[in-house]
Amino acid sequence: MFGAAAWLLLSAASLFAQNGLANPEIERRIDVLLRQMTLAEKIGQLTQYSAGAPTGPGTGRAGYSDQVAQGEIGSFLNLSGAAQTNALQRIAVERSRLKIPLLFGLDIIHGYHTIFPVPLGLASTWDPELLERAARVAAKEATAEGIRWTFSPMVDIARDARWGRIVEGAGEDPYLGSVMAAASVRGYQGARLDSADSLAACAKHFVGYGAAEAGRDYNAADMSEHRLRQVYLPPFAAAVRAGAASVMSAFNSLNAVPATADAMTLTRILRQEWGFRGLVVSDWNAVEELIAQGIATNGATAARKALLAGVDMDMESGLYQHSLRDLVRSGALPETAVDEAVRRVLRVKFALGLFDHPYTPEGLASPALQVELARQIAERSLILLKNEPVNSLPPSVTPSQNKPLLPLPSRPQTIALVGPLADSPVDMLGSWPGKGDVHTVVTLKSALQERIRQLGGRLLYAPGTEIDTASEVGFGEALKVAQGAGVTIVALGEDAARMTGEAASRASLTLPGNQQRLLETVASPGKPVVLIVFSGRPLALTWAAAHVAAIIQAWYPGIQAGPALTRVLFGDANFSGKLTVSMPRSVGQEPLYYNALKTGRPAGNVDLTRPPATEAEKYVSRYIDEINAPLFLFGYGLSYTRFTYSSLNLAGVPVSARALNDGSAELQVSATITNSGSRAGREIAQLYIGQRGTSVVLPEKELKGFSTVELAPGQSREVEFKLGREQLAFWNIAMHHEVEPSEVTVWIGPNSAEGQQAQFKIAP
Ligand code: BGC
């Protein structure tokens with residue numbers, strides 16, 4: 001029945017065995033330990049507190065030494081530095097009765113010292129190998145400072161740009177999200193969990209957090225089981241399959257059950273269906289928040305419900321510490337449930353080798369920053385959204401030359417740089433900047449200045465405004481530098497710390513403050529303007545898309561923001577990033593995602609740019625005041641060269657659902673990609689399918705694969721994908737994951753709207 005789940009169970013089992021989460025010797029050592037533990041010591045293993053700057057509403061707790069010595073705390077978050085972690089570890093290992101080591105966790109989201117692009121930028125590379133390398137670097141740097149557990153990757157599917165945490169994940173697509181989730185886990189955990197430089201990964205937030213209603217953080221989520229399984233669960237399943245040692249339960253309720261007390265997801269799906277053997281930690285204070293959510297009227301009930309549902313470790317609320325003992329003593333909670341949770345915590349500690357090597361060597365020089373890799377990844381995360389000769393002109397005027405504005409020529413010239421993000425190191429680090437240091441950041445202004453100096457030109461700089469202000473005092477100066485230059489680069493966007501990430505939902509998706517006005521002030525028709533957008537979410541750049549010659553979506557590129565941008569601006573490197581989120585025209589389109597379910601009244605060929613004039617134009621799924629399509633769609637991104645797709649070829653037909661389901665058949669689909677422009681480039685070719693005649697409604701198109709090709713001018717290459725059970729099965733009306741007889745359209749193309757296509761039938 002659960003064909004896919006059975007397969008998942010098998011592959012996860014072999015990985016768990018490999019990384020110590022299913023090792024008989026470790027299980028024996030846990031048995032021995034469990035027999036010696038008092039109830040208080042057991043509860044200690046389930047208790048985690050923040051020992052550093054809080055990452056949620058503060059509790060003001062401090063002074064943990066005595067509790068550690070008593071074995072009453074098993075884990076800390078937010079503490080780093082070998083000396084600091086060793087000091088507490090020494091108390092645990094040398095003074096506590098059973099010498100159980102502490103586990104130190106931290107949010108290492110896109111780098112520790114070497115800060116890479118934010119996760120949405122990392123995903124825009126469509127390169128799991130780069131992501132894995134970035135995670136490996138983070139693991140090496142963090143473990144050198146006593147951390148063995150990261151609360152990453154965030155694998156929540158995010159389809160609503162209002163939600164601030166969209167920046168922390170891979171975007172809107174479950175397939176891409178799954179590939180990226182697995183890559184992060186591999187990178188953090190390395191080949192073996194018990195290597196000194198392995199970080200235990202934590203897939204979060206389980207589950208449905210990205211579907212928070214109205215894009216408002218912490219809000220409830222409500223969805224069908226079909227959507228849950230088809231869209232929101234796959235990246236978690238992929239992380240588990242890659243051997244993730246832990247999972248974090250989410251803040252939101254899902255279908256009226258708080259995720260932190262949801263046995264259906266935490267136990268039935270995660271553990272029973274998928275065979276997950278690691279530990280589940282609650283999100284910050286989420287156990288106590290069960291009271292605010294109303295499924296508990298006191299702390300004891302909250303603790304009981306969370307533990308019984310499958311939350312092993314209580315992050316920060318203290319309710320396990322304060323309530324579990326009485327609950328067990330009164331018979332309200334079986335001690336076996338506590339034992340099981342303790343076993344999972346100890347399992348991860350053993351698997352990490354903490355019992356044998358609890359300390360981190362002190363006084364070692366920290367590893368050098370991986371500047372080169374940071375630059376390379378930053379370059380690959382940038383997305384060229386538009387590239388035309390000059391800003392849009394009145395219809396009567398034609399541009400004097402029709403060469404696109406970018407790349408800029410490598411000759412002496414005067415360039416104006418305007419905007420509050422042009423020289424803001426702290427914003428380049430993005431949200432969750434780890435231990436990132438603003439002094440390691442090279443901003444756009446400093447890199448550009450250096451480049452222009454080498455070319456013998458001039459850079460005129462004026463910030464023009466601040467990120468979020470109404471004051472226009474700087475506009476005059478900005479206009480002056482723009483008028484004095486051949487090209488103006490305008491660096492606009494969001495305040496990374498305040499407007500993106502956790503607790504940073506926005507009801508508006510326009511440029512904050514008066515930045516739009518600044519843009520309109522400097523971008524007069526016929527002038528060349530390059531807009532660079534630094535943001536943690538897709539913004540509605542509708543005016544810019546119509547009026548500005550060139551637009552780059554940069555997200556927050558990390559410490560090498562400036563060099564990466566300068567290299568693509570001058571064409572030393574080509575663009576290859578593509579969107580993993582749909583960019584809206586207006587906030588009213590949200591949630592907006594390419595893989596929406598088909599409707600009975602598709603807009604089809606109706607002209608949506610004007611209000612409906614006839615019944616045929618009116619009674620379709622549309623807005624009367626906005627078109628349906630995003631401004632820039634999923635998978636989209638330009639290059640300095642052109643790629644053409646041809647010769648789509650399908651092999652393996654005829655095919656039956658039966659043969660696909662039992663794995664005895666699969667199809668191959670291929671296409672030829674040619675670099676028909678004049679520069680070398682890298683293209684991310686995407687495979688989509690759409691199915692009709694199925695038992696449930698499916699999206700018109702769904703991503704099922706992608707492949708990157710690097711092509712010299714004139715060069716061609718074939719990309720080939722397989723279409724088997726994994727690509728063609730879906731959660732059907734009986735809630736089975738299987739292939740059904742259907743009519744399938746398959747596309748291979750440069751984004752979610754274009755490409756070569758073919759049809760085939762899946763017979764029963
Ligand atoms: C966030 C988590 C994070 C945790 C610990 C919470 O507020 O939701 O993503 O891992 O804090 O810092």
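Note that ligands are numbered from 1 as they come in the structure, with each ligand's atoms numbered from 1 the same way. This is a predicted model, so every value here is computed, not measured.
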Exercise. Using 30° and 60° as the class limits, which term best fits the ring planes of Phe206 and Phe236: parallel, tilted or perpendicular?
Worked result: perpendicular
Exercise. Measuring from Ile100:CD1 to Leu354:CG, what's the distance to the nearest 0.5 Å?
Worked result: 11.5 Å
Problem set entry | Pairwise distance CD(Gln370) to CD1(Ile559) - rounded to 0.5 angstrom | 9.0 Å
Validation: residues 286-297 side-chain donor-acceptor distances under 3.5 Å, sequence neighbours left out:
unit_1: Gln293; atom_1: NE2; unit_2: Phe251; atom_2: O; d: 3.0

For this session: Would you please name every residue forming a ring-ring contact (aromatic ring centres under 6.0 Å, His included) with Phe151, sequence neighbours left out?
Result: Trp149
Exercise. Tell me, which residues have any heavy atom less than 4.0 Å from some atom of ligand 1?
Worked result: Thr55, Leu77, Asp107, Phe151, Arg165, Lys204, His205, Met248, Phe251, Asp283, Trp284, Met315, Trp432, Glu502
Problem set entry | Any residue meeting ring-ring contact (aromatic ring centres under 6.0 Å, His included) with Tyr49, in chain and number order, not counting sequence neighbours | Tyr64
